[in-house]
Protein chains: 2
Amino acid sequence: MTQDNEGPRDLTRTMRLLWRTDGAATRGPKPALDVDRIVTAAIEIADADGLAGLSMRKVADRLGVGTMSLYTYVPAKAELVSLMLDTVDGEGVLPHTVAGSWRAKTESWAREDWSFYHRHEWMLHASGRHPLGPNTMRRFDSALRSLADTGLPEDEIVANADVIDTYIRGMARRSVDFRQREASTGVSEDQWWAEHGPMLETHLTGDRFPAVRRVHDAGAFTSDIDSFEYGLQRILDGIEGRIRTLG
Amino acid sequence: MTQDNEGPRDLTRTMRLLWRTDGAATRGPKPALDVDRIVTAAIEIADADGLAGLSMRKVADRLGVGTMSLYTYVPAKAELVSLMLDTVDGEGVLPHTVAGSWRAKTESWAREDWSFYHRHEWMLHASGRHPLGPNTMRRFDSALRSLADTGLPEDEIVANADVIDTYIRGMARRSVDFRQREASTGVSEDQWWAEHGPMLETHLTGDRFPAVRRVHDAGAFTSDIDSFEYGLQRILDGIEGRIRTLG
DNA sequence: TCCTAACTCAGTACGGCGTACGGGATTGAG
DNA sequence: CTCAATCCCGTACGCCGTACTGAGTTAGGA
């Protein structure tokens with residue numbers, strides 16, 4: 001049961017591709033392509049059209065080769081996505097290189113990843129089942145180094161890294177989904193409320209959703225509070241409290 | 001650009017379906033089906049085979065009707081998923097009905113949703129672009145009510161609800177992805193390390209990933225710390241700190 | 001030098017998907 | 001009774017990932 005977007009099937013082969021531990025072939029014709037060119041082309045397509053707009057045929061067309069030629073370099077689409085993810089993880093500033101306290105480093109990490117996910121929105125729609133490549137590992141390592149100054153036990157450092165990363169991804173996805181909904185329906189939030197507001201009002205004015213109604217009347221939905229920053233500060237506050245407790 | 005899994009196209013129609021504001025037809029043959037039966041069948045399939053295993057043909061087969069008959073009741077697959085999401089959101093305990101402080105209510109909410117997402121894993125793989133239905137709205141309302149006792153300003157209550165919900169979803173997704181990776185490759189984490197460990201060791205023993213290496217040697221990866229609970233407590237601690245600051 | 005194993009390249013084809021279209025059957029309103 | 005509204009659904013189209021197959025190319029070993 002349950003495969004959804006699925007990850008790669010043949011893990012051994014994928015690991016070799018990710019970590020570049022496969023030796024070059026000796027015999028046979030000179031390859032006209034290489035894995036990197038395929039991955040680069042695929043990333044360009046995904047940046048423009050999303051993961052759903054990425055197909056093997058489109059990648060091949062962009063590179064001017066037959067579709068099936070790609071399979072000489074990459075076992076299947078899932079493995080290609082694994083490579084795309086790791087490649088893109090090679091971008092950007094590593095948080096542990098930023099000056100300042102663990103908190104400053106972590107804030108930098110969060111904001112960096114936030115804009116990073118907005119630059120490659122498709123990453124948020126990829127399955128979480130892809131194996132770790134070297135660049136992803138490098139980012140993870142950097143995150144752990146950023147949190148080392150907390151002085152927390154190692155297992156709590158790992159837990160905090162997981163929690164912060166999950167938070168960033170989740171909020172970025174929320175933001176991206178929101179933007180894409182406006183873009184794909186061509187309906188702005190204002191237009192939407194103008195159209196469906198009256199029907200919802202019927203429900204809101206009843207006692208079915210009292211808290212939503214109260215919060216709505218208080219104007220909280222149009223508040224310019226930045227949820228991402230707000231929640232980030234709450235999490236960092238919580239970690240600081242933990243440090244004090246243990247210290 | 002960018003559509004990926006996409007949400008519904010015709011929002012007006014979808015809203016009518018979600019909020020059941022379409023009147024019954026008068027003329028024409030008696031319908032053999034209704035929206036609820038279609039949605040129920042689709043949920044059963046998705047629970048068993050994931051979103052990728054859900055197809056209009058399979059839903060129709062399960063109901064013993066022609067594929068295209070479904071389109072009499074539902075405009076398209078995206079709208080069906082919207083209905084599935086809202087239907088499933090009708091399950092479970094609403095957090096504001098739980099006894100105790102806002103913190104107790106929120107913990108209950110988090111743990112409830114955690115097991116909820118593990119019961120319907122496909123929800124985590126659905127696009128976030130589906131419009132709100134009544135059951136989802138009800139859960140949101142309940143979340144806001146749970147946080148009302150914090151005494152925080154309304155806009156911060158909304159922000160906290162967003163943050164907590166995002167955190168729960170994100171951690172649940174991480175957990176589900178992990179489980180599914182084991183299930184789909186048939187390779188347990190132990191087996192995986194036995195197979196790829198040696199290759200990774202080569203990298204780990206170098207100075208490329210010092211923090212990962214240190215944390216690994218400390219046994220933090222095999223620690224039985226519960227990241228979900230740990231992070232939840234950090235977030236709730238952070239909110240408590242905020243309450244004290246403002247109070 | 002030549003043979004042949006190893007390798008690249010890609011056309012064809014298969015089974016799956018969502019769904020547009022159109023036609024036949026059925027019903028209640030006028 | 002008529003006819004518009006509505007249901008049911010077979011057929012077909014254009015996508016998708018990729019298995020299979022075979023033709024062409026290269027370099028190592030004899």
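Note that these values count all heavy atoms, side chains included, but never hydrogens, waters or copies made by symmetry. What you see is a predicted model; the values in this text were computed from it and never measured. So that the names make sense, note that chain A is the first sequence line, chain B the second, and so on, each numbered from 1.
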> Taking the side chain of A:P31 as its heavy atoms from C-beta onward, which of D:dT11, D:dT18, C:dT8 lies nearest to it?
Replying inline: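 It is C:dT8.
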>> From C-beta outward on A:T72, which listed nucleotide comes closest to its side chain: C:dT8, C:dA20, D:dG17?
In response: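 So the nucleotide nearest the side chain must be C:dT8.
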> For DNA chain C, which residues in residues 56-64 of chain B have a heavy atom at a distance below 4.0 Å?
Replying inline: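 Going residue by residue through residues 56-64 of chain B, the ones with a heavy atom under 4.0 Å of DNA chain C turn out to be B:M56, B:R57.
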> Quick one: ring-ring contact (aromatic ring centres under 6.0 Å, His included) pairs with a partner in residues 8-43 of chain A, sequence neighbours left out?
Replying inline: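 Listed once each, the pairs are A:W19-B:H203.
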> Nearest-Å distance, OH (A:Y73) to P (C:dT8)?
Replying inline: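 The distance from OH of A:Y73 to P of C:dT8 comes to 6 Å, rounded to the nearest Å.
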Who passes salt bridge (Lys or Arg N to Asp or Glu O under 4.0 Å) against [X], sequence neighbours left out?
| X | result |
| --- | --- |
| B:R20 | B:D36 |
| A:R174 | B:D162, B:D165 |
| A:D89 | none |

side-chain hydrogen bond (donor to acceptor under 3.5 Å, both in side chains) partners for [X], two or more places apart:
| X | answer |
| --- | --- |
| A:R37 | none |
| B:T21 | none |
| A:S82 | A:H130 |
| B:S142 | B:H96 |

>> At 10 degrees resolution, what angle do the end axes of the helix from C:dT1-D:dA30 to C:dG30-D:dC1 form when each is taken over five base pairs?
In response: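 So the angle between the two local helix axes works out to 20°.
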> Got a salt bridge between A:E121 and A:R173, using NZ or NE/NH1/NH2 to carboxylate O under 4.0 Å?
Replying inline: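 Here A:E121 does not pair with A:R173 in a salt bridge, since their nearest N and O are not under 4.0 Å apart.
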>> Under the side chain to side chain donor-acceptor pair (under 3.5 Å) definition, can you give me all pairs with a residue in residues 54-73 of chain A, not counting sequence neighbours?
In response: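 Residue pairs passing side chain to side chain donor-acceptor pair (under 3.5 Å), neighbours aside: A:E44-A:R62.
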> What is the per-nucleotide protein-contact pattern of nucleotides 22-30 of chain C, from the 5' end, where B denotes a base atom under 4.0 Å from a protein heavy atom, S denotes such proximity for sugar-phosphate atoms only, and - denotes neither?
Replying inline: ----BBBS-
> Has B:S69 got a side-chain N or O lying under 4.0 Å from the OP1 or OP2 atom of D:dC9?
Replying inline: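 For B:S69, the contact criterion (side-chain N or O under 4.0 Å from OP1 or OP2 of D:dC9) is met.
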